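Step one of this worksheet: look at the structure below.
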Amino acid sequence: MIAWLSAVAAVTVQLVVMVAAAPLVVGLARQSRAWVEGRAGAGVLQPWRDLRKLLLKEPVQAEGTRLQVAAPVVLLATSLMVCAQVPLVGTVSLPGLPGDLFVVVSVLLVGTVALAVLGLDSGTAFGGMGSSRHMTIAALVEPTVLVAVFAVSIPAGSSALSQIMNERLAAPSTIASPASLMAVVALGIAVLAETGRLPVDNPATHLELTMVHEAMVLESSGRDLAWVELGSWLRLAALVGLVGNLLVPWGQATTASPGALLVGILTLLAKLALSAVVLGAAEVFLAKVRLFRVPELLAGSFALAFLAVTTSYLVT
């Protein structure tokens, strides 16, 4: 009973940290991009101000829509579940909440479908175009995420993400292995595509011919748009945090003690901050890939992940 309560406390702390940090990750990425471009920027706290403003507004819904309220809630709920399943602050998992790789990817896919349905619900050609592009990208991203994380799970002998992290902490030599590096690179490319970042999608654009994420949320407003934005930011922070922990697993809490959780929180915030700065600054030097070239990029990342799996089996 005590162990179960400790696990509940650890997962709750992780959820609170992620909800507080996700908008800051986006704000820091935007601000670092502004600094590199020579602009003042809106500030790191601007996403939080946007959320507060949206939550105070009543949503306006087009006539005949049925899922404008449900789809954002489903996206937010799946994003929170992913944040609870992925070992970010620590490797302490909640009994009954599976942190298995295949379950996590399935939950991510539910949120992806909810976002696509949101774009289709209004019945506009622009929303349908964004949803079509979104699902095309998702069909190529999800297998890459599965195969890439499966490659790093082979040394651990388990597809549970917490056990994978514990194995990397116990055997640091696996972190710098060729299979691990290829898998992390493939996963990083997949994360950029999944979260709508450059070079797959430009989060700062509003051009009709290039938008993917923004095309699906144009009909959302008020609280509905706030849930969509927060859910998308949580997915970005969780996946970036997962990549950061795979590269540098040290600092994660292996127990639910207050001291270990505090170290895990500070370490996670440092990793997220560094990742956000690198992500925002790197986008200045990246050009958006043409839509018909995106499958080639994602196919290359899948091939890299598949090579990582093959190498893992050959080495072990």
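Bear in mind the structure is a predicted one, so any value in this text is a computation, not a measurement.
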Worksheet item: So, the side chain of Thr78 versus the backbone of Leu108: is there a donor-acceptor pair under 3.5 Å, distance only?
Response: no
Worksheet item: Above 12 or not: heavy atoms from other molecules or residues under 6.0 Å from CZ of Arg39?
Response: yes
Worksheet, complete the sentence: Between Gln252 and Asn245, the two heavy atoms sitting closest are OE1-ND2, 3.5 Å
Item to complete: Using modelled atom types only, decide if a donor and an acceptor are shared between the side chain of Trp48 and the backbone of Ala20 within a distance under 3.5 Å.
Response: yes
Item to complete: Hey, could you give me the CG/CD1 distance between Leu169 and Ile175, rounded to the nearest 0.5 Å?
Response: 7.0 Å
Practice prompt. Using atom types as modelled and distance alone, determine if a side-chain donor or acceptor of Thr267 lies under 3.5 Å from a backbone N or O of Gly264.
Written response: no
Worksheet entry | Side-chain donor or acceptor of Ser177 paired with backbone N/O of Ser173 under 3.5 Å | no
Worksheet entry | Ser232 side-chain N/O to Val228 backbone N/O, donor-acceptor pair under 3.5 Å | yes
Worksheet item: Between Glu58 and Arg223, is there a donor-acceptor pair closer than 3.5 Å when you use the side chain of the first and the backbone of the second?
Response: no
Worksheet item: For Thr255, what residues pass the side-chain hydrogen bond (donor to acceptor under 3.5 Å, both in side chains) criterion, not counting sequence neighbours?
Response: Ser257
Worksheet, complete the sentence: Hits for side-chain hydrogen bond (donor to acceptor under 3.5 Å, both in side chains) against Thr12, two or more places apart or cross-chain, chain-then-number order -> none
Worksheet, complete the sentence: Residue pairs passing the side chain to side chain donor-acceptor pair (under 3.5 Å) test with at least one member in residues 83-93, sequence neighbours excluded, are Thr91-Asn166
Worksheet item: Can you name the nearest heavy-atom pair linking Met216 to Ala116, along with the distance?
Response: SD-CA, 4.0 Å
Fill in: Contacts of type side-chain hydrogen bond (donor to acceptor under 3.5 Å, both in side chains), residue Ser158, not counting sequence neighbours
Gln163
Worksheet item: Within the side chain of Ser301, is there an N or O that forms a donor-acceptor pair under 3.5 Å with the backbone of Leu298?
Response: yes
Item to complete: Kindly state each residue pair satisfying salt bridge (Lys or Arg N to Asp or Glu O under 4.0 Å) with at least one member in residues 84-112, sequence neighbours excluded.
Response: none
Worksheet item: Can you name the closest pair of heavy atoms from Ala190 and Val141 and give their distance?
Response: O-CG1, 3.5 Å
Practice prompt. Report yes or no: does Glu194 contribute a side-chain atom to a donor-acceptor pair with the main-chain N or O of Ala138 at less than 3.5 Å?
Written response: no
Worksheet item: Counting N and O atoms only, with roles assigned by atom type, does the side chain of Glu167 sit under 3.5 Å from a partner on the main chain of Ser153, one being a donor and the other an acceptor?
Response: no
Worksheet entry | Listed partners of Gln46 passing side-chain contact (heavy atoms from CB on, under 4.5 Å), at least two apart | Ala42, Arg49, Asp50
Fill in: Shortest non-hydrogen separation from Arg197 to Leu279 and the atoms involved
NE-CD2, 3.9 Å
Worksheet entry | Minimal non-hydrogen separation, Ala238 against Val82, with atom names | CB-CG1, 4.1 Å
Worksheet item: Between Arg235 and Thr112, is any side-chain donor less than 3.5 angstrom from a side-chain acceptor?
Response: yes
Worksheet item: Taking C-beta and beyond as the side chain, do Leu75 and Trp227 meet within less than 4.5 Å on heavy atoms?
Response: no
Worksheet item: Would Val89 and Leu261 count as a side-chain contact (heavy atoms from CB on, under 4.5 Å) if you check the C-alpha gap in whole Å, the side-chain angles of each, and the deciding distance to 0.1 Å?
Response: CA-CA 7 Å; Val89 171; Leu261 289 176; 4.2 Å; yes
Practice prompt. Spell out, as yes or no, whether a donor-acceptor pair under 3.5 Å connects the side chain of Glu229 to the backbone of Leu54.
Written response: no
Fill in: For the student: nearest non-hydrogen atoms of Ser32 and Ala29, plus distance
OG-O, 2.9 Å
